[in-house]
Amino acid sequence: MEGRLDRQFYRRDVLEVAPALLGKHLVLAGEEGQRSVYTISETEAYRGGEDRACHANKGRTARTEVMFGDGGQLYMYLIYGMYWMMNIVTAGQGIPQAVLIRGLKEAAGPGRLTRLMGVDGSYYGEDLVASRRIWIEESGLNLSYSAGPRIGIDYAGDPWKDMPWRFTINP
DNA sequence: AACACGATTTCG
DNA sequence: GAAATCGTGTTT
């Protein structure tokens with residue numbers, strides 16, 4: 001028995017998936033069958049080609065390719081030359097959307113949590129539905145949350161920089 | 001081939 | 001307030 005989230009969970013609009021991921025358990029398989037479990041506490045939605053804050057807005061490139069693929073895969077990218085960002089692709093083929101994991105109960109900040117978990121570019125394209133080293137499980141938690149503007153994307157301009165697409169679990 | 005810059009974090 | 005640090009998209 002495993003409460004792993006299935007393909008259908010990810011094949012929805014990013015604005016549904018991003019808040020739905022709050023409280024879910026992110027599981028990382030370590031060596032010798034050990035598992036590390038983290039609880040997602042903060043997410044951000046990046047929605048398609050029109051969203052000027054979304055990397056896919058630049059078009060289909062080697063880096064953004066996975067976002068155009070099926071939901072449930074990881075979109076990893078390096079920022080500022082030193083921090084790996086972990087994103088989960090949502091929606092179906094041809095619809096470039098992704099959820100940035102911005103915080104875990106165990107670590108605040110998108111760059112800090114990947115460092116804590118030891119996840120990097122080698123996870124680009126990893127399929128959370130089938131992978132043996134990383135996936136997300138149902139937790140049973142259903143916590144209240146708040147929505148607010150996304151961080152660090154003022155360059156996207158109106159109306160994108162003000163869209164309330166950042167979701168955080170309430171304290 | 002060269003350049004500018006970023007979905008961040010840390011230190012002074 | 002500013003540095004660290006490099007892959008990626010853009011321009012030459």
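All values below were derived from every heavy atom in this structure, side-chain atoms included, with hydrogens, water molecules and symmetry-related copies excluded. Sequence lines set the chain letters: A, B, ... in the order given, protein chains first and strands last, and positions in each chain run from 1.
Contact of the A/Leu74 side chain with the A/Asn87 side chain is not registered, since no non-hydrogen atoms from C-beta on lie closer than 4.5 Å.
Legend: side chain to side chain donor-acceptor pair (under 3.5 Å) pairs involving residues 95-113 of chain A, not counting sequence neighbours, sorted by first then second residue: A/Asp13-A/Gln97, A/Glu44-A/Arg102, A/Thr90-A/Gln97. For the side chain to side chain donor-acceptor pair (under 3.5 Å) condition, the pairs that include at least one residue of residues 58-71 of chain A, sequence neighbours left out, are A/Arg11-A/Asp70, A/Arg60-A/Glu65, A/Thr61-A/Thr64.
Using a 4.0 Å heavy-atom cutoff across all strands shown, A/Met82 reaches at least one base atom of the nucleic acid. Heavy atoms of A/Arg150 sit nowhere under 4.0 angstrom from any nucleic acid atom.
Scored by the side chain to side chain donor-acceptor pair (under 3.5 Å) test, A/Arg7 finds A/Asp127 as partners (sequence neighbours excluded). Contacts of A/Tyr77 classified as ring pair (Phe, Tyr, Trp, His ring centres under 6.0 Å), with partners at least two apart in sequence or in another chain: A/His55, A/Tyr75.
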Show me, pair by pair, the donor-acceptor contacts under 3.5 angstrom made by side chains of residues 157-168 of chain A, not counting sequence neighbours?
residue, atom, partner, partner atom, Å
A/Arg166, NE, A/Glu42, OE2, 2.8
A/Arg166, NH2, A/Glu42, OE2, 3.0

Residues 22-34 of chain A, side-chain donor-acceptor partners within the protein, below 3.5 Å, at least two apart:
residue, atom, partner, partner atom, Å
A/Lys24, NZ, A/Ala20, O, 2.9
A/Gln34, NE2, A/Glu31, O, 3.4

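Contact check of residues 118-129 of chain A against DNA chain B (heavy atom, cut-off under 4.0 Å) returns no residues at all. Taking a 4.0 Å limit (strictly below) on heavy-atom distances, residues 99-108 of chain A reaches DNA chain B at A/Leu100, A/Arg102. In the region residues 38-47 of chain A, proximity to DNA chain B at under 4.0 angstrom, judged on heavy atoms, holds for A/Tyr46.
In A/Asn170, the CG atom is crowded: over 12 heavy atoms of neighbouring residues, nucleotides or ligands sit closer than 6.0 Å.
At whole-Å resolution of the value, CE in A/Met85 and C1' in B/dT9 are 9 Å apart. What separates CE of A/Met67 from P of B/dA7 is a distance of 11 Å, to the nearest Å. The distance between atom CG of A/Asn57 and atom C1' of B/dA7, rounded to the nearest whole Å, is 13 Å.
A gap of 22 Å separates the P atoms of B/dA2 and C/dT5, to the nearest Å.
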Exercise for review: Could you summarise the pairing of DNA chain B as dot-bracket text, marking Watson-Crick and G-U pairs under 3.5 Å with ( ) or [ ] inside the strand and | across strands?
Suggested key: ||||||.||||.
Within the sub-3.5 Å range, which N or O atoms of nucleotides 4-6 of chain B have a protein N or O partner, and how far apart are they?
none

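Here A/Arg115 does not reach the OP1 or OP2 of B/dT9: none of its side-chain N or O atoms lies under 4.0 Å away.
Here the range on DNA chain C touched by chain A, meaning any atom under 4.0 Å from one of its heavy atoms, is C/dA4 to C/dT10.
Note that A/Arg150 lies in the cation-pi zone of A/Tyr46, set by a 6.0 Å cut-off to the ring centre and a 45° limit from the axis.
Side chain of A/Thr114 to main chain of A/Gly111: a donor-acceptor pair is present (N/O by atom type, distance under 3.5 Å, no hydrogens or angles).
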